[in-house]
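Values below: all heavy atoms of this structure, side chains included; hydrogens, waters and symmetry mates excluded.
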Amino acid sequence: MPRPPVRTLVRHPRLGLAVRAAAAATAAWLLALQLPDVREYAFYAPFGAAVTTYSAVAQSVSATVRTLAAIALGALLGIGVDAALGTGVAAIAVVVGVGTLLAGLPRLGDARSYVPVAGMFVLLLGAGDEVGYALTYGGLFLLGAACAVLASAIRPGLPLERTDAALATLREACVQQLTALATALVATEDDAADDATDERARLTEALGRARLTVDELHAATRGNRAARRQRSAVAYRSEEFRALQRVAGLVDDLQSLSEDAPWGTTVRGLPDALRRPTADALRALATTTAEPDPTARSRRAADRAVAGLADELRRHEASADADDAVGLVVAAVVTTLRRSLAALTPESVAPLSTGPLPRLEANDSDSGVEGGSDGDSEGEDGSDSARDGGEHVGGEHGGGGAPSGPHDARA
């Protein structure tokens, strides 16, 4: 059930950030007004608070250090140029030009633009007391930044819901890409191939957004005492991102195989006997990818589909008209699908078959496959508890070995 609009707004992380920024700026302004000698420049304090307020304490501290370093560098530049050239046109050009060059220092990060700006302020507003102005500017900015750090530390945020949304978008992009590839394999028109290319761009965008969100989640845990109670929840999301990141890279490899011809043929150029099982394996993997906590049933279904493709490849290689290029391409597809499936879930859910033959039993709801319904309940319960902040049992994903057979060496 979707949340009511008011509740969604109240729980939106941007609202909490706005409240903290407003509180920090107000406190900085009131404190700066208590300093009689610098009341004229008191506005620098709330300015410093506004630009250094972040959801995470560590981010606020990092932004404060970088910005003060940029201000100090620009102030030194302005003082030096004023001493050498005065405040004429040439001095302005030198401050802006050299300041822009210094702003390229990588450690300044997003604060790089403060180098020429601070240099201009000191040069034009120093009015004969450039050193005193620079100290006032930097000191009041530091006062505001300190208020921002304190505001972030009072109730630091932990963007779990935003991370979940980004991971869900990435998962859906992987599913759409796999589905588009499967459709393009069996379609006769070129529009399906164009759709697969479009989905590839969406997958790249979703991967970048998810990576940024997960990085923000990790940054929010530093200096955040409340995050200690959510360690397992953060670890679960980190593991989920790593799995989806691997799958996204492997799916991109599959897209490349459908466009490139490393052995003189593409996936779309495969014989009909191999194109259909390849599409079936792609759709089965898409079904497994769509589930945040894949069940044993969906995992085994995808395993069977990949094993079926490997079996068809074995038959093709045993035929009289076998094409080595086709074998190499399909072997690469089989290995990529197996690696993707292994990255999605731990082996405790449903162990992958160790080779394409013998085939798994068709009825995976009975006891014909080891780890059936018991694996389902264990996988789902474990994943749910980890997402809610409980302990998550997992570790490295295993079972990613290539299927055995005559085509292994080629893969």
Looking at every non-hydrogen atom in both residues, tell me the closest pair between [X] and [Y] and how far apart they are.
X: A28; Y: P46; value: CB-N, 3.9 Å
X: A148; Y: T53; value: CB-OG1, 3.4 Å
X: L341; Y: R299; value: O-NH1, 3.2 Å
X: A70; Y: Y114; value: CB-CB, 3.8 Å
X: A134; Y: V122; value: CB-CG2, 4.0 Å
X: A58; Y: A219; value: CB-O, 3.9 Å

[X] side chain to [Y] backbone, donor-acceptor under 3.5 Å:
X: S340; Y: L250; answer: no
X: R171; Y: E291; answer: yes
X: R275; Y: L270; answer: yes
X: T221; Y: H218; answer: yes

Below 4.5 Å, heavy atoms only, C-beta onward: do [X] and [Y] meet side chain to side chain?
X: L35; Y: R39; result: no
X: P271; Y: V326; result: yes
X: T213; Y: L167; result: no
X: E312; Y: R276; result: no
X: L160; Y: V234; result: yes
X: R338; Y: T335; result: no
X: L181; Y: Q255; result: yes
X: V247; Y: V251; result: yes

Working to the nearest 0.5 angstrom, can you tell me the gap between [X] [atom1] and [Y] [atom2]?
X: L185; Y: D280; atom1: CG; atom2: CG; answer: 10.0 Å
X: I79; Y: E130; atom1: CD1; atom2: CD; answer: 7.0 Å
X: L254; Y: L337; atom1: CG; atom2: CG; answer: 5.5 Å
X: L105; Y: L73; atom1: CG; atom2: CG; answer: 6.5 Å
X: T52; Y: L142; atom1: OG1; atom2: CG; answer: 9.5 Å
X: R237; Y: L217; atom1: CZ; atom2: CG; answer: 7.5 Å

Discussion item. Checking R112 against T100 for the side chain to side chain contact (heavy atoms under 4.5 Å, CB included) test, could you report, in this order, the C-alpha distance in whole Å, the side-chain angles of both residues, the deciding distance, and whether it holds?
Written reply: CA-CA 8 Å; R112 60 175 60 92; T100 302; over 6 Å; no
Practice prompt. May I have the step-by-step check of side chain to side chain contact (heavy atoms under 4.5 Å, CB included) for L344 and L285, ending in yes or no?
Written response: CA-CA 10 Å; L344 286 171; L285 180 61; 3.9 Å; yes
Practice prompt. Show your working on side chain to side chain contact (heavy atoms under 4.5 Å, CB included) between S256 and R200 and close with a plain yes or no.
Written response: CA-CA 10 Å; S256 297; R200 186 182 198 179; 2.8 Å; yes
Practice prompt. Kindly determine whether L282 and V333 satisfy side chain to side chain contact (heavy atoms under 4.5 Å, CB included), including the steps that lead there.
Written response: CA-CA 10 Å; L282 288 169; V333 172; 5.7 Å; no
Item to complete: Compute the centroid of each ring, for F141 and then for Y44, and state whether the two points are separated by less than 6.0 Å.
Response: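 No, they do not, as the ring centres are separated by 6.0 Å or more.
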Worksheet item: Is the distance between the ring centroids of Y137 and F121 under 6.0 Å?
Response: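 Ring centroids of Y137 and F121 are less than 6.0 Å from each other.
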Worksheet item: Regarding R66 and S62, is there a side-chain donor-to-acceptor distance under 3.5 Å anywhere?
Response: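 A donor-acceptor contact under 3.5 Å links the two side chains.
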Discussion item. Testing the 3.5 Å rule here: is there a donor-acceptor pair between the side chains of S152 and S60?
Written reply: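 The criterion, which ignores hydrogens and geometry beyond distance, is satisfied for S60 and S152.
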Worksheet item: Yes or no on side chain to side chain donor-acceptor pair (under 3.5 Å) for R297 and T287, after CA distance, side-chain angles and deciding distance?
Response: CA-CA 11 Å; R297 181 173 300 174; T287 300; over 6 Å; no
Practice prompt. Apply the test salt bridge (charged side-chain N to carboxylate O under 4.0 Å, His left out) to residues R300 and D303: give CA-CA distance (whole Å), side-chain angles for both, the deciding distance (0.1 Å), then the verdict.
Written response: CA-CA 5 Å; R300 286 196 298 270; D303 190 17; over 6 Å; no
